[in-house]
Asker: 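Quick one: this structure, given as structure tokens, is what I'll be asking you about.
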Amino acid sequence: MAQPNGPDLTPGGHVVQLRITAADDVIIVSARGAARELARELGFGVVDQTRIATAVSEIVRNIVQYAGAGTVTIEVRDEPGRKGLVVVAEDEGPGIADVERALAGGYTTGQGFGRGIAGARALMDEFELWSEVGRGTRVRMCKWLT
Amino acid sequence: MADVSPAWTDDDFEGLADVLEAYRRHADEISAEVAAGRGAQVPRVRGSFGVSEFAAAIRARDIGPLIAAVEAAVPELVREDVPLEAIVQELARLTGPLHKSFAADYADDPVRLARAFRTYGKLRDAIAVAAATAYAKRRVEALQEEQRRILRQLSTPVIQVWEDILVMPLIGVVDSVRARQMMEQLLTRITELGSRIVILDVTGVPTVDTEVANHFIRTMKAARLVGARTILVGISPQVALTLVRLDVGLEGLETYSDLRSGLERAFALLGYRIDRPGAAAS
Amino acid sequence: MSVPLVEIGRTLVISLPGELPDADVALLETSVLERLKGRRFTGVLIDLTAVDVVDSYLGRTIRDLAALSALMGARTVVTGISPAVAITLVELGLDLPRVRTELNLERGLAWLSRTDRT
């Protein structure tokens with residue numbers, strides 16, 4: 001019998017990867033613009049496009065301000081049965097000491113951080129955060145088209 | 001689901017091995033006959049037997065993976081609108097040519113011939129049951145999804161009852177998806193029409209959970225950001241209880257018992273006076 | 001890119017452009033404060049009509065700007081929030097509870113002129 005294939009990630013080349021450096025805060029504007037554009041192409045409505053662009057803005061700023069450098073990958077998932085956007089942000093910065101607190105929005109240091117992580121989580125359907133002090137932080141978040 | 005399919009014995013697998021052998025020896029004739037039986041008008045059902053999977057199942061003495069492969073292929077067929085009959089017929093078309101090949105190869109060994117007939121029938125039944133079950137399940141799921149979508153659209157009307165006043169009556173069970181949609185629809189209407197007051201009528205909502213009550217609060221907050229004030233009307237005691245237990249600021253939330261009182265309040269806020277000349281004397 | 005600050009009568013109108021890099025957001029508070037120091041404004045209007053994303057950083061800045069102008073004795077109103085921005089602000093927990101909001105610039109100015117007289 002025909003076997004359904006696993007998630008097909010390549011067609012259309014719908015993966016955008018951005019390199020982030022601290023010197024360049026315009027990257028936040030570019031990243032959320034790219035995220036909105038991909039979301040729109042995939043068929044998300046204006047409100048979800050805005051949620052995604054806002055969440056991307058939060059996590060990219062997090063890298064700019066706390067890690068200095070990192071990458072953000074925005075990937076279009078067009079699988080049988082579901083479509084969505086997967087965003088992965090990675091850095092090798094100082095890491096977050098208390099992940100639980102960051103997710104709850106407890107950190108208030110810096111400019112907008114704290115709310116930022118918790119905010120991104122509230123805006124997306126799935127949100128995962130790994131962090132190790134001295135090693136870096138990785139955020140993976142998704143929004144699915146319903 | 002409970003597994004009610006008959007067990008497969010070693011003898012059965014011996015039989016299946018014979019079936020596969022016969023199929024391999026006569027593959028060309030069988031394919032030609034199946035194609036002829038299919039005719040031009042019938043859509044080709046994709047995902048026919050993979051001989052290697054079949055062989056693997058015999059070697060492993062387990063038809064489980066073969067059945068799983070059948071089930072996995074079904075959603076795609078449903079999506080392409082291939083009718084169940086076409087799938088079953090495709091399976092049935094194989095029977096005649098296969099039986100002929102058994103007769104040709106095992107004519108001198110009646111026991112073996114009978115076993116080939118029997119095990120092939122057993123396999124075909126198992127595949128047909130798996131395909132039909134998976135098909136029905138997928139169809140029901142697709143139907144339910146469609147129903148939910150239509151219901152959501154039907155059940156969240158936004159009515160402009162007066163200049164600057166919108167009424168959004170909610171009826172039935174509000175889930176979180178619908179609550180989200182309701183918020184978007186309402187905000188869009190407020191900005192399109194420039195409405196200043198929104199009356200959220202929850203008379204038709206028997207109960208809400210914390211999640212949905214939170215959506216109500218968020219809707220009111222978002223409406224305020226686009227310049228509209230929300231009046232909540234028709235709260236049932238149960239809904240009131242949920243709202244009170246929620247640890248969210250209810251300050252600035254205006255509530256009235258019914259739509260009529262809410263509307264009166266809206267008119268008063270906008271500076272309208274309801275007047276019936278000549279009726280005052282009575 | 002800097003943010004244009006326009007005076008209409010005794011009202012200071014701050015029109016935020018569509019895409020604002022963090023560096024410009026950071027300068028916003030000081031430049032508004034400078035203007036408020038120089039002249040006595042009775043109203044401050046922050047217009048977000050062109051803005052299609054407000055994240056927590058910009059959201060906090062808007063909230064602080066409003067609080068700042070209120071402390072400087074000016075009535076403050078935020079206008080032109082789109083439905084999508086309104087929803088994300090609420091979901092971020094930044095629903096500006098102590099700030100007056102109006103649908104658009106016109107209504108914002110109308111509200112300011114009403115409160116002006118009192």
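Quick note on labels: first sequence line is chain A, next is B, and so on, each numbered from 1.
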Asker: In chain order, what residues pass the side chain to side chain donor-acceptor pair (under 3.5 Å) check against R121(A), with sequence neighbours excluded?
Answerer: none

Asker: Taking 4.5 Å as the heavy-atom cut-off, does anything in residues 42-57 of chain A contact chain C, and if so which residues?
Answerer: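 Against chain C, the residues of residues 42-57 of chain A that fall inside the cut-off (heavy atoms, under 4.5 Å) are V46(A), V47(A), T50(A), R51(A), A53(A), T54(A), S57(A).
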
Asker: For S56(C), does its backbone N or O pair with a side-chain atom of E58(A) as donor and acceptor, under 3.5 Å?
Answerer: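 Yes, because the side chain of E58(A) sits within donor-acceptor range (under 3.5 Å) of the backbone of S56(C).
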
Asker: Can you list the residues of residues 29-40 of chain A that sit under 4.5 Å from chain C, counting heavy atoms only?
Answerer: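 So far as heavy atoms go, V29(A), R32(A), R36(A) are the residues that approach chain C to under 4.5 Å.
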
Asker: Answer yes or no: does atom CZ of R98(C) have more than 12 heavy-atom neighbours from other residues, nucleotides or ligands under 6.0 Å?
Answerer: no

Asker: Quick check: under 4.5 Å, non-hydrogen atoms only, which of residues 122-129 of chain A neighbour chain C?
Answerer: A122(A), L123(A)

Asker: Should the heavy atoms of other residues, nucleotides or ligands under 6.0 Å from CD of E41(A) be counted, would the total exceed 12?
Answerer: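 For E41(A), atom CD is crowded (more than 12 foreign heavy atoms under 6.0 Å).
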
Asker: Within a 6.0 Å radius of atom CD on E90(A), are there more than 12 heavy atoms belonging to other residues, nucleotides or ligands?
Answerer: yes

